[in-house]
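Note that this is a predicted model, so its numbers are computed, not measured. Below, chain A is the first sequence line, B the second, and so on; all start at residue 1.
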Protein chains: 2
Amino acid sequence: MLVAALALIDRKGVAGFSVRDLARDLGVYPTALYWHVPGRNALIAGAVALALGDLKPARRPTDWAAGVRALFRRYRKAVRVHPAIAPVLGAQLVSNESMPAELVEHMLMLLERAGFSGDQLRHAYNTLVAGMVGFVTLELAPLPDEDPEGWATAHRQRMQEVDARQCPTLAREMPHLARGAFVVRASSGVDQPLDQSFEFWTETVIQGLAAMRERSAP
Amino acid sequence: MLVAALALIDRKGVAGFSVRDLARDLGVYPTALYWHVPGRNALIAGAVALALGDLKPARRPTDWAAGVRALFRRYRKAVRVHPAIAPVLGAQLVSNESMPAELVEHMLMLLERAGFSGDQLRHAYNTLVAGMVGFVTLELAPLPDEDPEGWATAHRQRMQEVDARQCPTLAREMPHLARGAFVVRASSGVDQPLDQSFEFWTETVIQGLAAMRERSAP
DNA sequence: ACCTGAACACCGTTCAAGT
DNA sequence: ACCTGAACACCGTTCAAGT
């Protein structure tokens, strides 16, 4: 059932996902689903958990930085298979089944190995969660559901017309940025992956955490 | 109209926001709104843009790090006034009116001052956007819309029962983490702000960017 | 235990008609 | 130019009834 739900979300997006459509796919009356599941939200939550699957690593990482790098990559890879779930990742379900205790444990273990403890560990952990989820949510955010090509061409047009006096840097860097910069781009990360930016992001978080640890324990 | 829409979203959340309710608030037939606005999505987008308002700074920052710090704080402050918009910030609308060209220009300017150029500038810019949006989206993510207290107590219970053998670090650090750690916490950032973690996050991004610049231009 | 089937209280959006 | 009013094609969820 969750498999079918995830497949439907993949096709129609979370917003377009409906209990009645799912029931039709399963060859069942819509109300039959309510015997198995409390409601629509639970179906979405279950589908998300299914999509993320097991994010725990196959084997122990060599050091904490490598562990973070691997974790971020696994997370992004998993979401890329079902990009339609991106809109709800940071929104509603971070506090749910999508992040099982074992994953939390793994992140805490990495950060403890990095040298954090006490309240600093908590802050570093929050940083790590936000780091893992944040970039990917933005990268894979979908275009407006209706008339996406229309929106895309309109957006490209709008970006072409940026006032070079008011926004000189933006106007000058437009060729670079159009290739894949948030807000400026006219396509989602599904069609135009931001691989290099993602790697840059990952290293930024790792370097930042290393610097913060130095600072708190000199 | 957008003011009324934002007020309604504040009260009912984005998911609970309906065109018909808004029309009722305005003392008008639902279909009347369609003369002014293309549809529900446009109303939400407009309300978000209104909520974020002008994120440009009052005066030029002293240095790029101070500029980033101030920008992140302004963004968080703005969202905290209308936390109900958090779920859609990273999801659909980052590529919209919510981030006007002047804001993009400002971020590029800061990063250029930091010493980035070319493709590195683009990656640093994507990092800055994800950094600005990512943490706050997670921090202010709402509880499940129905029976939030029920969910909260159930979640607290669940966290209390974490297996200390399978998750030793999590079990040991639970007292710290319950005070405000993603996934572990049972309340949203609206009721339980993660001020210190946010500051930690901000500094992590700044330190990380500084380190990345060193690396690319040694 | 699991599903049907009817029913309830909603939706967003269209389009012709009014003023 | 701006709104009414009816209508269309949907929703999620309930609850009694079936098997």
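In this structure, the separation between NE2 on H36(B) and CG on L43(B) is 10.5 Å, given to the nearest 0.5 Å. Atom CD in E102(B) sits 12.5 Å away from atom CE in M109(B) (nearest 0.5 Å).
In this structure, F135(B) has its ring center under 6.0 Å from that of F182(B).
Atom NZ in K12(A) sits about 13 Å away from atom C1' in dC11(D), given to the nearest Å. Distance OH (Y34(A)) to P (dT13(D)): 3 Å, rounded to an integer number of Å. The interatomic distance linking L33(B) (CG) with dA1(D) (P) rounds to 19 Å, in whole Å. Nucleotide dC11(C) holds its P atom 11 Å from the CZ atom of F17(B), rounded to whole Å. Nucleotide dT14(C) holds its C1' atom 17 Å from the CH2 atom of W35(B), rounded to whole Å. If you measure from atom CG of L43(B) to atom P of dG12(C), you get 10 Å, rounded to the nearest angstrom. Distance R24(A) CZ to dC3(C) P: 18 Å, rounded to the nearest Å. We find that CG of D21(A) is positioned 8 Å from P of dG12(D), with the value rounded to whole Å.
Here R40(A) lies in heavy-atom contact (under 4.0 Å) with sugar-phosphate atoms only.
Between R69(A) and E203(A) there is a salt bridge, since at least one side-chain N of the basic residue sits less than 4.0 Å from a carboxylate O of the acidic one. Between R80(A) and E139(A) there is a salt bridge, with a side-chain nitrogen of the basic residue lying less than 4.0 Å from a carboxylate oxygen of the acidic one.
Distance from the side chain of H36(A) is smallest for dC2(C) among the nucleotides dG12(D), dT4(D), dC2(C). Closest to the side chain of P30(A), from the set dT13(D), dT13(C), dC2(D), is dT13(D). Listed nucleotides: dT4(D), dT4(C), dG12(D). Nearest to the side chain of A32(A): dT4(C).
Under 4.0 angstrom from either OP1 or OP2 of dC3(C) there lies no side-chain N or O belonging to Y29(A). In this structure, S18(B) reaches the dC11(C) phosphate: one of its side-chain N or O atoms is under 4.0 Å from OP1 or OP2.
Rounded to whole Å, the separation between the C1' atoms of dA9(C) and dA9(D) comes to 16 Å.
In this entry dA1(D) has dT19(C) as its Watson-Crick or G-U wobble partner, both defining distances falling under 3.5 Å. Nucleotide dC8(C) is matched to dG12(D) when pairs are restricted to Watson-Crick or G-U wobble geometry with both distances under 3.5 angstrom.
Side-chain N/O atoms of T31(B) and base N/O atoms of dG12(C) include no donor-acceptor pair closer than 3.5 Å.
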